Amino acid sequence: MNTLSEVYLTHSAAFLPNAPVGNDEMEAVLGMVGDTPSRVRQMILRSNAIRSRHYAIDPASRAATHTTAELAAAAVEALFAQGLPKNEVGALACGTSYPDQILPGHGVMVHGLLHDAPPYEVLSAAGVCVAGMAAMKYAYHAVRTGEHRRAVACAAEAASAIMRKEAFQPEIDVKKLADAKPDIAFEKDFLRWMLSDGAGAVCLSNAPLSDGPSFKVHWIELVSYANEMPPCMYAGGQMQNGVFSGWKAHRQAYCDAHSLMSIKQDVKLLNEHIVGYTVEKALHHTRARHPLNAEEVAWFLPHYSSGYFRDKVYAGLKNVGFELGFEKWFTNLPEKGNTGSASIYIMLDEFIRSGRAQKGEKILCYIPESGRFSSCFMLLEAV
């Protein structure tokens, strides 16, 4: 019977497309839906505390410059550029919220873009923000069980592709025919000023590096509360009278007229439950499985979608007796934006490169998902 191997995060990389886009440039880059300025943009930007972000679109033409798979492949290639041999990797796990196509799977599309890559075991993880951590956990198990000496996990998002004004044009055309206001509902407009593009990748190995920083992965804990909560953030469907229906249940004309393929957020449901479920309940669940005290944590890397939730996350931690002072927090949300499933990868890469972590220090990562209320905590230790 094989013994379980220790797992170490040995390499990290991030890829952010094109030049950063400031708050005053956003609407010019994404375009005004119905040629009308958004009524909520300024309010949302004041709340989310994001100052700049990246889009995989040309700012002049709004043509896509990268697909989601291309963003992911660029991040993985950046790992290999650090000297990681491609033929020493056995598995590739790729997560995203919104792949470029329904099939083939996102992972094999990323694999197909890698230059001179050998055959890999490939996984595609779907979902929202936790999709990237599902990929990470798959890579973790691939190494821990001894199936592979090294595995690569990555996550990427190209949200801008479905946030450009052109994506909403069919709905606007229908409204114009009905002599209705040429705008979109708040649950759609909200996310246009929240989400952005980027990718990150890590390599997990069965041994630490001898000549660079490595981080032991103590555990990765994922939990879903979909048994208790309805969909809160979704695309490719709609909620009507408390019932969710997917795009396959509707005719194409209906999907176009209602922008069913756009990303939508029930903000009221989000605000009421995201901290209670993804911080308080999820941390209680995690600590029951992996005993951990706040005093053991030297650094806290939280992925929250908006600066609005910063103090609320802190309060949630305090409510369950796990207070972590802000001096322990590390985030790059204001400069890199909310890149969904890729956020924690991009944050981890910047944190590692900052050199903040000292040998023996433990790093707790927190990744919530409002899709149907899931959460992930990961504990690393600098070795």
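Note that the coordinates shown come from a computational prediction; the quantities given were computed from them, not determined experimentally. These numbers come from the heavy atoms of this one structure, side chains and all, not from hydrogens, waters or symmetry mates.
- Between Leu79 and Leu84, the shortest heavy-atom contact is O-CB, 3.7 Å.
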As a quick check of understanding, evaluate side chain to side chain contact (heavy atoms under 4.5 Å, CB included) for Ser38 and Met32, giving each step before the final call. CA-CA 7 Å; Ser38 168; Met32 290 188 290; over 6 Å; no
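- Taking the charged nitrogens against the carboxylate oxygens, Asp349 and Arg353 do have a contact shorter than 4.0 Å, which makes a salt bridge.
- A 4.5 Å side-chain heavy-atom check between Val7 and His218 finds every atom pair outside the cut-off.
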Ile346/Leu16 under side chain to side chain contact (heavy atoms under 4.5 Å, CB included): CA gap, chis, key distance, verdict: CA-CA 9 Å; Ile346 295 168; Leu16 293 159; 3.9 Å; yes
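- Note: Phe351 and Phe215 have tilted aromatic rings, judged against thresholds of 30 and 60 degrees for the angle between ring planes.
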Please lay out, stage by stage, how Asp35 and Lys165 fare under the test side chain to side chain contact (heavy atoms under 4.5 Å, CB included). CA-CA 8 Å; Asp35 296 321; Lys165 75 169 191 174; 3.1 Å; yes
Just distance, no hydrogens or angles: give the donor-acceptor pairs under 3.5 Å from side chains in residues 152-163, sequence neighbours left out.
from	atom 1	to	atom 2	distance (Å)
Glu157	OE1	Thr96	OG1	3.3
Glu157	OE1	Ser97	N	3.2
Glu157	OE2	Ser97	N	3.0
Glu157	OE2	Ser97	OG	2.7
Glu157	OE2	Ser341	N	3.1
Glu157	OE2	Ser341	OG	2.6
Ser160	OG	Asp197	OD2	2.5

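- Clustering ILVMFWY residues whenever any of their side-chain heavy atoms sit less than 4.5 angstrom apart, transitively, puts Val267 in a cluster other than the one holding Ile184.
- Around CG of Asn87, the count of heavy atoms belonging to other residues, nucleotides or ligands within 6.0 Å exceeds 12.
- Here the side chains of Asn271 and Phe309 are in contact, with some heavy-atom distance below 4.5 Å.
- Between Phe186 and Phe190, the ring planes are tilted. Angles from 30° to 60° get that label.
- We find the CD-CG distance between Glu361 and Leu380 to be 12.5 Å, quoted to the nearest 0.5 Å.
- Side-chain contact between Arg164 and Val29 is absent, with no heavy atoms from C-beta onward closer than 4.5 Å.
- In this structure, Lys312 is not positioned above the aromatic face of Tyr314 in the sense of NZ or CZ being under 6.0 Å from the six-membered ring centre and within 45° of the axis.
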May I have the step-by-step check of side chain to side chain donor-acceptor pair (under 3.5 Å) for Tyr225 and Ser375, ending in yes or no? CA-CA 9 Å; Tyr225 293 102; Ser375 189; over 6 Å; no
Working note: Asp183 + Arg39, criterion salt bridge (charged side-chain N to carboxylate O under 4.0 Å, His left out); need CA distance, chi angles, decisive distance, verdict. CA-CA 9 Å; Asp183 58 12; Arg39 293 175 293 163; 3.0 Å; yes
Between Phe15 and His66, does a ring-ring contact (aromatic ring centres under 6.0 Å, His included) hold up when you go through it step by step? CA-CA 11 Å; Phe15 179 77; His66 304 76; 5.4 Å; yes
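- Residues Leu269 and Cys232 approach most closely at CD2-CB, 3.7 Å, considering heavy atoms.
- Checked against the 6.0 Å centroid criterion, the rings of Phe244 and Tyr234 qualify as a close aromatic pair.
- Residues Trp299 and Phe330 place their aromatic rings such that the two centres sit no closer than 6.0 Å.
- Around the NZ atom of Lys362, the shell of radius 6.0 Å holds more than 12 heavy atoms that belong to other residues, nucleotides or ligands.
- One distance of note links CG of Asn338 with OG of Ser343; it measures 4.5 Å at 0.5 Å rounding.
- At a cut-off of 3.5 Å, with distance as the only test, no side-chain donor of Thr65 or Tyr55 sits close to an acceptor on the other residue.
- Taking CE of Met233 as the start and CD of Gln265 as the end, the distance is 5.5 Å to the nearest 0.5 Å.
- Counting heavy atoms from C-beta outward, Leu301 and Tyr366 have side chains that stay 4.5 Å or more apart.
- The residues Lys188 and Glu171 are annotated as salt-bridged, a charged nitrogen and a carboxylate oxygen being separated by less than 4.0 angstrom.
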Set out, in order, the CA-CA distance, both residues' side-chain angles and the distance that settles side chain to side chain contact (heavy atoms under 4.5 Å, CB included) for Ile220 and Leu379, then state yes or no. CA-CA 7 Å; Ile220 302 172; Leu379 187 69; over 6 Å; no
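- A salt bridge links Lys86 and Glu77; the closest N-O separation between the charged side-chain nitrogens and carboxylate oxygens is under 4.0 Å.
- Considering every non-hydrogen atom in both Lys328 and Ala294, the closest pair reads NZ-O, 3.4 Å.
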Name the atoms and distances for all side-chain donor-acceptor pairs under 3.5 Å in residues 280-287, with sequence neighbours left out.
from	atom 1	to	atom 2	distance (Å)
Glu280	OE2	Asn319	ND2	3.0
Lys281	NZ	Glu228	OE1	3.0
Lys281	NZ	Glu228	OE2	3.4
His285	NE2	Glu221	OE2	3.0
Thr286	OG1	Ala282	O	2.8
Arg287	NE	Leu292	O	2.9
Arg287	NH1	Val320	O	3.4
Arg287	NH2	Leu292	O	3.2

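- Salt-bridge annotation for Arg53 and Glu335: absent, with no side-chain N of the basic residue lying under 4.0 Å from a carboxylate O of the acidic one.
- Side chains of Glu369 and Tyr277: no donor on one and acceptor on the other come within 3.5 Å.
- Pairing each heavy atom of Ala93 with each of Tyr138, the nearest pair is CB-CD2, 4.0 Å.
- Donor-acceptor pairing under 3.5 Å is recorded for the side chains of Glu121 and His148.
- Leu204 contributes atom CG, which lies 11.0 Å from atom OG of Ser214 (distance to the nearest 0.5 angstrom).
- Using a 4.5 Å heavy-atom threshold, the side chains of Val297 and Phe322 count as touching.
- A side-chain donor from one of Thr68 and Asp100 sits under 3.5 Å from a side-chain acceptor of the other.
- A salt bridge between Glu381 and Lys216 is absent, with no side-chain N of the basic residue lying under 4.0 Å from a carboxylate O of the acidic one.
- For the atom pair CG of Leu324 and CD of Glu295, the computed distance is 9.0 Å after rounding to the nearest 0.5 Å.
- A cation-pi geometry, defined here as NZ or CZ lying under 6.0 Å from the six-membered ring centre and within 45° of its normal, holds between Arg310 and Phe326.
- Contact check for Arg150 versus Asn206: no side-chain heavy atoms found under the 4.5 Å cut-off.
- Considering all non-hydrogen atoms of both residues, Pro368 and Ile274 come closest at CB-CD1, 4.4 Å.
- By the neighbour-count criterion of 12 heavy atoms within 6.0 Å, atom CH2 of Trp219 is densely surrounded, having more than that number from other residues, nucleotides or ligands.
- Put simply, NZ on Lys248 and CD1 on Ile102 are 8.0 Å apart, with the number rounded to the nearest 0.5 Å.
- In this model, a donor atom of one side chain and an acceptor atom of the other lie less than 3.5 Å apart for Lys264 and Ser262.
- For the pair His303/Cys129, a side-chain contact is recorded, criterion being any heavy-atom separation below 4.5 Å from C-beta on.
- Annotation for His106 and Cys94: closest pair CD2-CB, 3.6 Å, computed over non-hydrogen atoms.
- Under the 4.5 Å side-chain criterion, counting only non-hydrogen atoms from C-beta, Ser245 is in contact with His250.
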